[in-house]
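The structure appears right after this line, and notes come after that.
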Amino acid sequence: MHPASHAPHSVEELLERARILAGYSLGELADMAGLHTPADLRRHKGWSGQLLETWLGAQAGSKPEQDFPELGVELKTLPIDSSGKPLETTYVCYAPLTGIAGLSWEQSNVKNKLSCVCWVPIEASRDIPPAQRRVANAFLWRPDKQQEQALRQDWEEIMEMIALGQVECITARHGEVMQLRPKAADGSALTQAVGKDGGWIQTRPRGFYLKKHFTQALLQQAFADI
DNA sequence: TGCTGATCATTG
DNA sequence: CAATGATCAGCA
């Protein structure tokens, strides 16, 4: 068994590839791919996701697009504990802080990214070294009406606050299923945003994240029959 | 102990 | 710097 040499040609092929990985440890997958497994992820936070990208044939990069543009599918690893509950929130995408007048949910990066997601849960409790963490069953998800409505509502509320110059007032407690949090290399990273009086301010870059209870519901929905 | 805010590595 | 992949870690 070896990593994919090219992107999958269909959603079915992608899901097949992902399901084959279920049961393997990250150490095994790294070995087979000829990659080094770090002892911990403190300085390798994106390692799991990049390993899975390698195995499934996604192009690494930093483009604000889906991982599989031809399929319209986004790939996301999801760390879970032994009882199958998410251990972390899930990063969605960078949040635009300028030039957002007239931007609609339909045009948003969030909607695009979440329109179809291949979720790959990984048993990743902190007491398990990365090499021993195991891949669980992948599943494909498209938001249903209610899920999309919930995402849309949070997005619209948060984006309205940003547009009104209230970005500094937004905390991770805003939003029912999705939150806005800092997203940067460190506290010195600054980007432009709209300020209170309508002028420009410098602020920390932000990203959208899915709250844990939302992704937990996706897991339950996907494995309800198991 | 969970969550929020902070942080790490890499690429374009 | 922007954006990707995320997890870390202090504090309530």
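None of these values were measured; they are calculated from a predicted model. Throughout, protein chains are lettered first and strands after them, A, B, ... in sequence-line order, and every chain is numbered starting at 1.
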| Distance-only polar pair, side chains of A:Gln216 and A:Gln221, donor-acceptor under 3.5 Å | no

| said: Side chains of A:Glu123 and A:Ser82: any donor to acceptor distance under 3.5 Å? | reply: no

| request: Quick one: list whatever passes ring-ring contact (aromatic ring centres under 6.0 Å, His included) with A:Tyr209, sequence neighbours left out. | output: A:Tyr91

| said: Whole angstroms only, please: what is the CG-P distance between A:Leu87 and C:dA9? | reply: 15 Å

| query | ring-ring contact (aromatic ring centres under 6.0 Å, His included) with A:His174: which residues, sequence neighbours excluded? | reply | none

| remark: Rounded to whole Å, the CG-P distance (A:Leu180 to B:dG5) equals 10 Å

| said: For a quick check under 3.5 Å, do A:Glu13 and A:Ser10 share a side-chain donor-acceptor pair by atom type? | reply: no

| said: Centre-to-centre under 6.0 Å for A:Phe139 and A:Phe223, is that the case here? | reply: yes

| Under 4.0 Å between a side-chain N/O of A:Lys212 and OP1 or OP2 of B:dC3, yes or no? | yes

| Tell me: CG of A:Leu75 to P of C:dT4, nearest whole Å? | 14 Å

| note | Per the under-4.0 Å heavy-atom filter, residues of residues 29-48 of chain A near DNA chain B come out as A:Arg42, A:Arg43, A:Lys45

Using a cut-off of under 3.5 Å, enumerate the N/O to N/O pairs linking the protein to nucleotides 10-12 of chain B.
from	atom 1	to	atom 2	distance (Å)
B:dT11	O2	A:Ser62	OG	2.9

| By ring-ring contact (aromatic ring centres under 6.0 Å, His included), which residues pair with A:His36, not counting sequence neighbours? | none

| said: With a 4.5 Å cut-off on side-chain heavy-atom distances among I, L, V, M, F, W and Y, is there a chain of contacts connecting A:Leu41 to A:Leu78? | reply: no

| message | Can you pull out every side-chain hydrogen bond (donor to acceptor under 3.5 Å, both in side chains) where at least one residue sits in residues 181-191 of chain A? Sequence neighbours excluded, please. | response | A:Thr89-A:Arg181, A:Gln179-A:Arg181, A:Asp186-A:Ser188

| said: In whole Å, I'd like the distance from the CZ atom of A:Phe68 to the C1' atom of C:dT4. | reply: 14 Å

| task | Look at all strands and tell whether A:Arg126 reaches a base, only sugar-phosphate, or nothing, counting heavy atoms closer than 4.0 Å. | result | base

| message | Classify A:Pro205 by what it touches in the nucleic acid, base, sugar-phosphate, or nothing, heavy-atom distance under 4.0 Å. | response | nothing

| field | Quiz item: A:Lys183 side-chain donor-acceptor pair to B:dG5 base, under 3.5 Å | value | no

| remark: Taken to the nearest whole Å, CZ/A:Arg181 to C1'/C:dG5 is 14 Å

| query | Is A:Tyr91 near enough to C:dT4 that one of its side-chain N or O atoms lies under 4.0 angstrom from OP1 or OP2? | reply | yes

| said: Expressed as a whole number of angstroms, how long is the span from A:Ile122:CD1 to C:dG5:P? | reply: 14 Å

| message | By the 4.0 Å heavy-atom rule, please label A:Gln66 as base, sugar-phosphate, or nothing. | response | nothing

| Joint hydrophobic cluster, A:Leu151 plus A:Phe208, side-chain heavy atoms closer than 4.5 Å | yes

| Which whole-number value in Å describes the distance from A:Ile80 CD1 to C:dA6 C1'? | 16 Å

| field | Hphob cluster co-occupancy, A:Leu71 + A:Val117, side-chain heavy atoms under 4.5 angstrom | value | no

| request: Answer with base, sugar-phosphate or nothing: what part of the nucleic acid does A:Thr89 contact at a heavy-atom distance below 4.0 Å? | output: base

| said: Does A:Leu190 reach a base, just sugar-phosphate, or nothing at all? Heavy atoms under 4.0 Å. | reply: sugar-phosphate

| request: Check the distance between C:dG5's P and A:Phe208's CZ and give it to me in whole angstrom. | output: 15 Å

| said: So if I take every side-chain heavy atom of A:Arg204 and compare against C:dG5, C:dA3, B:dA6, which nucleotide ends up nearest? | reply: B:dA6

| message | Counting the atoms with a prime plus P, OP1 and OP2 as sugar-phosphate, which does A:Lys113 contact under 4.0 Å by heavy atoms, base, sugar-phosphate, or nothing? | response | sugar-phosphate

| message | Using heavy-atom distances to pick each residue's nearest nucleotide on DNA chain C, tell me which of A:Ala184 and A:Tyr94 is more 5'. | response | A:Tyr94

| message | Using a distance-only criterion (donor-acceptor N/O pair, under 3.5 Å, no hydrogens), is the base of C:dA6 paired with the side chain of A:Tyr209? | response | yes

| request: Counting heavy atoms from C-beta on, name the nucleotide in C:dG5, C:dT7, C:dA6 closest to the side chain of A:Thr77. | output: C:dA6

